[in-house]
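Structure first, commentary second.
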Amino acid sequence: MSKGVISITDSEFETQVLKAEQPVLLYFWASWCGPCQLMSPLIDLAATKYSDRLKIVKMEVDTNPMAVKQYQVEGVPALILFHGEQVLASAEGAIGKEKLLQFLDTNLTIN
């Protein structure tokens, strides 16, 4: 069970995301991205609120080009919700707390 947001790299992607036993929210961000700085506290909140049923990982786009290319991330912040190798949902751009919680609640009930 997740206890917080885990920073990963391209080399850890398969193990941490695709082979995870529980759903994984992958948060793509960049240090130069203003909206990412606004989203980071919400991602931390989600990690706490959903720790019993969701793993949250983050990847910096500039240093992890393989996952960015593979999942066609065109802007940051970006969120992709995985369950195994299946993409359940995705979103690009900054979203508020209510939209983030709705995004997770809606897509986690599918499982």
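Heavy atoms only: backbone and side chains are in, while hydrogens, waters and symmetry mates are out. Note that this is a predicted model, so its numbers are computed, not measured.
A donor-acceptor pair is defined here as one N or O able to donate and one able to accept, closer than 3.5 Å; no such pair exists between the side chain of Asn64 and the backbone of Met59. Using modelled atom types, no side-chain atom of Glu92 and backbone atom of Ala78 make a donor-acceptor pair closer than 3.5 Å. The backbone N or O of Phe28 sits nowhere less than 3.5 Å from a side-chain atom of Glu60 that would complete a donor-acceptor pair.
At a threshold of 4.5 Å between non-hydrogen side-chain atoms, the residues Glu12 and Val17 do not count as touching. Here the side chains of Leu88 and Phe82 are not in contact, with every heavy-atom distance at 4.5 Å or above. Residues Gln22 and Arg53 are not in side-chain contact: their nearest non-hydrogen atoms beyond the backbone lie 4.5 Å or more apart. You'll find the side chain of Ile8 stays beyond 4.5 Å of the side chain of Lys58, heavy atoms only. With contacts defined as side-chain heavy-atom distances shorter than 4.5 Å, the pair Leu108/Pro23 qualifies. A heavy-atom distance below 4.5 Å is not found between the side chains of Val24 and Gln16. The closest side-chain heavy-atom distance from Val57 to Ser7 is not below 4.5 Å. For the pair Leu54 and Leu104, the minimum side-chain heavy-atom distance is below 4.5 Å.
Taking the side-chain hydrogen bond (donor to acceptor under 3.5 Å, both in side chains) definition, one finds that Thr15 meets it with nothing, sequence neighbours left out.
From Leu25, atom CG reaches atom CD1 of Ile56 across 5.0 Å, with rounding to the nearest 0.5 Å. The distance from the CE atom of Met66 to the OH atom of Tyr71 is 11.0 Å, given to the nearest 0.5 Å.
Sorted by first and then second residue, the side-chain hydrogen bond (donor to acceptor under 3.5 Å, both in side chains) pairs with a member in residues 32-45 read Tyr27-Ser40, Trp32-Asp62; sequence neighbours excluded.
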